[in-house]
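As structure tokens, the structure follows; a few thoughts come after it.
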Amino acid sequence: MKITLKAKPPFSFESTVRSHGWVQLAPFKYDKERGELEYVLRLKSGKLLHLFVRGTDGGISAEVQAQIGNEEKEELKSSLRWMFALDLDLRPFYARARKEPKLAQVEEKAYGRILRSATLFEDIVKTILTTNTVWRSTVRMNRLLVEQYGEPLPDDSHRLAFPTPERLVEVGPEVLRSSTGMGYRAPYVWELALKVASGDLDLEGLKSSSLPTPELRKELMRIKGVGSYAAGNLLMLLGRYDFIPVDSWALKLVSHEWHSGKPVKPRDVEAAFAGWGEFKGLAYWFWEWSYKGN
DNA sequence: GGTAGACCTGGACGC
DNA sequence: GCGTCCAGGTCTACC
């Protein structure tokens, strides 16, 4: 079965898929040559869908290798709209970006959408796995997590969904730690899974929260393992751009861009983009930095 | 509110 | 092969 969905223009499938490293984290799998993104989606019923998503003229098409009913089809569409931020209206950001040479490409390349996982639980776990480590380790920890605790597709045991909170609760923090190499992050992930599985924490509700961004940030930072960087990253994924996910790389970028390579503090990064208001995070994310690396 | 030290892992490096 | 050091955010205790 094939589903086609339109996005608010302008839209670029490739710009969205390659907006950040999420595409390298299972269950995402991107075939650059074919321009096709694979993902294993778990529906509320527990049914697993193997998705093959491609870009179309102004949107996406998703091939699904399963027979599903109308209700499931609507749930699938809703998940796809969320994951690719198809309903996001970036015109106000582009209007501002036109006046900034360092953001000259954003409208032409339809930058601004940031690939999301199907659930906020999955995105928070992945974000915790990005903290205090190098990207290679993040990919490894996430792979081990999915390989060991994700549910496999009935017809392909090599393709697995992201583990459910319930499954991770069963595993327990000690085994989680020893089997995935996530170290001291294991109790954070386990505690989050426990809160979600028990119903104490409604993460999916936060996707459409009407809370002001600073309040939403506080909510996210109540989660153990989510500090200011992780909260900034998650806010970006939630479509809130008033904070910058300041990590060591951000400090380097801003240091070389405006402070001649001298050390800067997180507040200097925020200050550099203060004039961008609600688009602060987007301006930071898609800025054409002078500094390219060590 | 700001700061120091601990947390954990993998990789680089020296021996 | 082994030991040491370092990078990467967050938490906790303390001032």
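Just so we're clear, the structure is a prediction, and the values are computed from it rather than from any experiment. Every chain is numbered from 1 and lettered A, B, ... according to where its sequence line falls, protein lines coming before strand lines.
Contact of the A:Phe52 side chain with the A:Arg34 side chain is not registered, since no non-hydrogen atoms from C-beta on lie closer than 4.5 Å. Under the 4.5 Å side-chain criterion, counting only non-hydrogen atoms from C-beta, A:Phe243 is not in contact with A:Leu216. Between A:Met83 and A:Tyr39 there is a side-chain heavy-atom pair separated by less than 4.5 Å.
The CZ-C1' distance, from A:Arg185 to B:dG10, rounds to 11 Å in whole Å. As a whole-Å value, the separation of A:Glu191 CD from C:dT10 P is 16 Å. For A:Asn132 and C:dT12, the CG to C1' distance is 15 Å, given to the nearest whole Å. Between A:Arg222 atom CZ and C:dT12 atom P there is a gap of 15 Å when expressed in whole angstrom units. The distance from atom OH of A:Tyr184 to atom P of C:dG8 is 13 Å, rounded to the nearest whole Å. Rounded to whole angstrom, the span from the CD1 atom of A:Ile128 across to the P atom of B:dT9 amounts to 16 Å. Rounding to whole angstrom units, CD1 of residue A:Ile244 and P of C:dG9 are separated by 15 Å. Here the C1' atom of nucleotide B:dC7 and the CE atom of A:Met182 are 15 Å apart, to the nearest Å.
Every pair passing side chain to side chain donor-acceptor pair (under 3.5 Å) that includes a residue from residues 2-13 of chain A is listed here, sequence neighbours excluded: A:Ser12-A:Ser15. Within the structure, salt bridge (Lys or Arg N to Asp or Glu O under 4.0 Å) pairs that include any residue of residues 258-268 of chain A do not occur (at least two apart or interchain).
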Which atom pairs link the protein and nucleotides 13-15 of chain C when you take only N or O atoms and keep those under 3.5 Å?
none

Please list, pair by pair, any protein nitrogen or oxygen found under 3.5 Å from a nitrogen or oxygen in nucleotides 11-14 of chain B.
none

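By the 6.0 Å contact criterion, CG on A:Asn70 is open, its count of non-hydrogen atoms from other residues, nucleotides or ligands being 12 or less.
Residues forming a side-chain contact (heavy atoms from CB on, under 4.5 Å) with A:Glu72 (at least two apart in sequence, or on another chain): A:Leu43, A:Ser45, A:Lys47, A:Ile68.
Annotation: proximity of residues 137-146 of chain A to DNA chain B (heavy atom, distance under 4.0 Å) is found for A:Ser137, A:Arg140, numbered in ascending order.
Remark: the A:Ser179 side chain and the A:Tyr149 side chain contain an N/O donor-acceptor pair separated by less than 3.5 Å. Judged purely by distance below 3.5 Å, without hydrogens or angles, the side chains of A:Glu100 and A:Trp276 never pair a donor atom with an acceptor atom.
Scanning atom types as modelled, no donor and acceptor separated by under 3.5 angstrom connect the side chain of A:Tyr188 and the base of C:dG9.
Distances from the side chain of A:Lys252 to the nucleotides C:dT12, C:dG9, C:dG8 place C:dG8 closest.
Counting all heavy atoms, side chain and backbone alike, A:Ala250 lies closest to A:Val269 at O-CG2, 4.1 Å.
For the pair A:Thr133 and C:dA7, the criterion of a side-chain N or O lying under 4.0 Å from OP1 or OP2 is not met. At least one side-chain nitrogen or oxygen of A:Lys224 sits closer than 4.0 Å to the OP1 or OP2 atom of C:dT12.
Across all strands shown, A:Thr130 has no heavy atoms under 4.0 Å from either base or sugar-phosphate atoms. At the heavy-atom level, A:Ile223 lies under 4.0 Å from the strands shown only through sugar-phosphate atoms.
Using the six-membered ring where Trp is involved, A:Trp289 and A:Trp287 have ring planes that are tilted, between 30° and 60° apart.
For an aromatic pair to be called close, the ring centres must be under 6.0 Å apart, and A:Phe273 with A:Trp258 satisfies this.
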